[in-house]
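Here's the structure, in structure tokens; my notes come after.
Naming convention: chains lettered A, B, ... in sequence-line order (proteins, then strands); numbering from 1 in each chain. This is a predicted model, so every value here is computed, not measured. Heavy atoms only: backbone and side chains are in, while hydrogens, waters and symmetry mates are out.
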Amino acid sequence: MSGPSAEWDVALAEGRVLLQRPVGGGSTVFPPRAFAPGTGEALEWFEASGLGTVYSATWIQRKPPEPPYNVVLVDLAEGARMMGRVEGVSPETLQIGMAVKARIITGEAPVIVFDPVEQAHG
Amino acid sequence: MGDIFPRGRVSVAGASTFGVGEMPGHSTIEMAGKAVQLALADAAINLSEVDGLFIALPDDLFAGLSLAQYLGLHPRFTDNNRAGGASFMSHLVTAVTMLEAGYLDCAVIAYGANQRSSGGKLSTPARPDRWDAPYNPMYPLSFYALAAARHMHQYGTTREELASVAVSARLWANTNPEAFAKGPLSIEDVIASRLISSPIRARDCCLVTDGAAAIVLTRTDRAKDGPQPLVPVLGAAAATWYNSVTQADDITITAAAESGPRAMAMAGLTPGQIDTVQLYDAFTINTILFLEDLGFCPKGEGGAFVGGGAIAPGGSLPVNTNGGGLSCCHPGMYGMFAMVEAVRQMRGEAANQIAGAKTALAHGNGGTLSAQATVIFGNAETV
């Protein structure tokens with residue numbers, strides 16, 4: 001039987017982003033644990049909506065002509081925070097507080113990236 | 001229960017640095033060993049009397065064993081706690097409680113690094129964890145950049161205020177013969193320096209130098225008879241909240257908000273009664289975060305506090321009077337150097353001596369704003 005991280009990896013490879021929460025309710029847990037941090041309660045998996053908000057962002061500079069790339073922290077709608085990157089943005093358009101949605105880039109080592117979400121106006 | 005501390009019953013009997021700046025041709029254990037020899041000479045204590053060794057080295061996971069071998073000792077206890085740059089303040093917590101209990105009689109805490117001579121880059125075996133690694137953050141720099149960006153967003157902290165931390169450090173360094181980086185440095189210079197991981201620029205970053213330091217601890221009744229002015233340990237607390245700062249509830253609040261108040265409660269002091277602060281300024285944001293978390297200004301007001309000149313020479317709170325990691329030295333895990341500068345201030349022998357200082361706070365930071373440890377030193381009048 002594999003540990004929670006390996007279970008999470010299997011789900012990601014299948015195209016699902018999993019989070020955990022205590023069986024009796026409580027704060028969302030990520031990264032995966034064998035039990036709830038701080039309380040030791042049993043956890044259950046659930047699928048993330050993928051929706052989130054940029055909590056902080058940095059642009060890492062590279063030697064020109066390589067463009068800078070971003071690293072962000074995203075607060076997921078369900079309450080956990082994860083590192084990521086936002087695709088299709090520039091230092092001018094990537095803003096703390098902007099709405100994003102997770103997308104899985106499949107491959108040998110699948111990775112979660114985020115796309116900006118067009119926010120409804122009015 | 002918990003947090004019972006033997007206030008003032010253990011003291012710093014000796015302290016020394018070695019090879020601050022550039023010391024080519026030395027291994028890390030040679031650097032640390034030399035600092036131990038000098039600190040013991042400072043204390044007038046024989047090497048053979050040392051029975052506790054506390055050390056972290058950048059390149060040696062078994063540093064405590066290596067130090068025993070290098071010194072030719074059979075210590076009662078060794079401790080390689082490596083909570084990054086907070087390791088040495090954590091070592092002190094263990095050493096003080098063991099000395100007070102009588103388990104040890106003479107403890108040495110040591111560090112040495114040759115990262116400038118051996119490659120010119122920060123030397124650390126630490127890496128981002130598997131959850132952060134796919135996004136290629138610079139380790140540790142981008143983690144601090146994320147904290148700085150959020151602090152600017154949340155509180156309106158400005159680029160100029162961050163730069164003022166580097167400028168204040170340089171002003172202190174300019175009158176410290178031991179400091180590595182000297183010369184004029186303006187707010188404009190910092191803001192015009194190379195962008196690395198926004199908002200952090202080259203001059204927001206600590207130096208890459210060589211350097212070693214050691215302190216010798218004994219019970220105060222023995223230190224009183226030593227050759228140096230008495231520097232009792234009044235309080236010491238370590239706080240660890242996570243490894244990756246991505247797991248912070250609020251990335252602008254560090255575990256210094258726990259270690260500082262706990263150490264001050266042990267010492268029976270409030271922030272207003274601390275005469276000088278030596279803290280681990282790996283990046284300019286660190287100074288702002290820690291001054292807030294340690295209670296020297298309200299959360300969110302650290303930018304305005306440093307921007308107003310409070311921590312520069314002549315300001316209301318002398319911070320990093322040696323020039324700090326930004327301008328004095330940064331051999332990779334700066335914690336020891338903050339403690340040695342605090343000890344020098346308590347002895348009245350610092351290069352930039354604060355007249356009448358009776359209490360000094362030394363604060364270490366480890367990981368990515370992860371582990372925090374605070375030590376409060378006094379002088380003979382405080383016990």
Can you check side-chain contact (heavy atoms from CB on, under 4.5 Å) on A/M82 and B/D132, steps first, answer last?
CA-CA 8 Å; A/M82 66 178 295; B/D132 298 344; over 6 Å; no
Heavy-atom contact with chain A under 4.5 Å, split by part of B/R130
side chain
Against chain A, work out which of B/S244, B/A147, B/P137 has the most heavy-atom pairs shorter than 4.5 Å and name it.
B/P137
Do the charged groups of B/D249 and A/R81 touch, with an N to O distance under 4.0 Å?
no
Considering only heavy atoms, give the residues of residues 38-48 of chain A separated from chain B by less than 4.5 Å, sorted numerically, with 'none' for an empty result.
none
Per-residue contact mode, B/D129 against chain A (heavy atom under 4.5 angstrom):
neither
Which atoms of B/L146 approach chain A - backbone, side chain, both or neither, heavy atom under 4.5 Å:
both
Does any heavy atom of chain A fall under 4.5 Å from the side chain of B/L141, the backbone, both, or neither of them?
neither
Quick check on the interface: out of A/P37, A/G84, A/A57, who has the most heavy-atom pairs with chain B under 4.5 Å?
A/G84
Check whether the side chains of B/T252 and B/H151 place a donor and an acceptor atom closer than 3.5 Å, and report yes or no.
no
Salt bridge check: are B/R201 and B/D189 linked by an N-O gap of less than 4.0 Å?
no
Side chains of B/D281 and B/N320, donor plus acceptor under 3.5 Å:
yes
B/S87 vs B/R82, test: side chain to side chain donor-acceptor pair (under 3.5 Å). Steps then yes/no.
CA-CA 5 Å; B/S87 303; B/R82 47 189 311 127; over 6 Å; no
Under 4.5 Å, heavy atom to heavy atom: which of residues 100-107 of chain A reach chain B? Give them by number, or say none.
none
Do A/T58 and B/S142 have side-chain atoms, one donor and one acceptor, less than 3.5 Å apart?
no
I'd like to know which of A/N70, A/V72, A/I112, A/V113 tops the heavy-atom pair count under 4.5 Å against chain B.
A/I112
Would you check, one step at a time, whether the test side-chain contact (heavy atoms from CB on, under 4.5 Å) holds for B/C205 with B/I196?
CA-CA 10 Å; B/C205 302; B/I196 298 174; 4.1 Å; yes
Determine whether the side chains of B/E258 and B/W241 contain a donor N or O and an acceptor N or O closer than 3.5 Å.
yes
Under 4.5 Å from a heavy atom of chain B, the part of A/Y55 involved:
both
Does the side chain of A/E78 come under 3.5 Å of the side chain of A/S49 through a donor N or O and an acceptor N or O?
yes
Between B/Y144 and B/T368, is the side chain to side chain donor-acceptor pair (under 3.5 Å) condition met? List the steps.
CA-CA 7 Å; B/Y144 292 86; B/T368 54; over 6 Å; no
Indicate whether the side chain of B/H330 and that of B/T209 have a donor and an acceptor atom separated by less than 3.5 Å.
no
Dump the intermediate steps for side-chain contact (heavy atoms from CB on, under 4.5 Å) on B/Y334 and B/C329, then the final yes or no.
CA-CA 8 Å; B/Y334 177 78; B/C329 69; 4.2 Å; yes
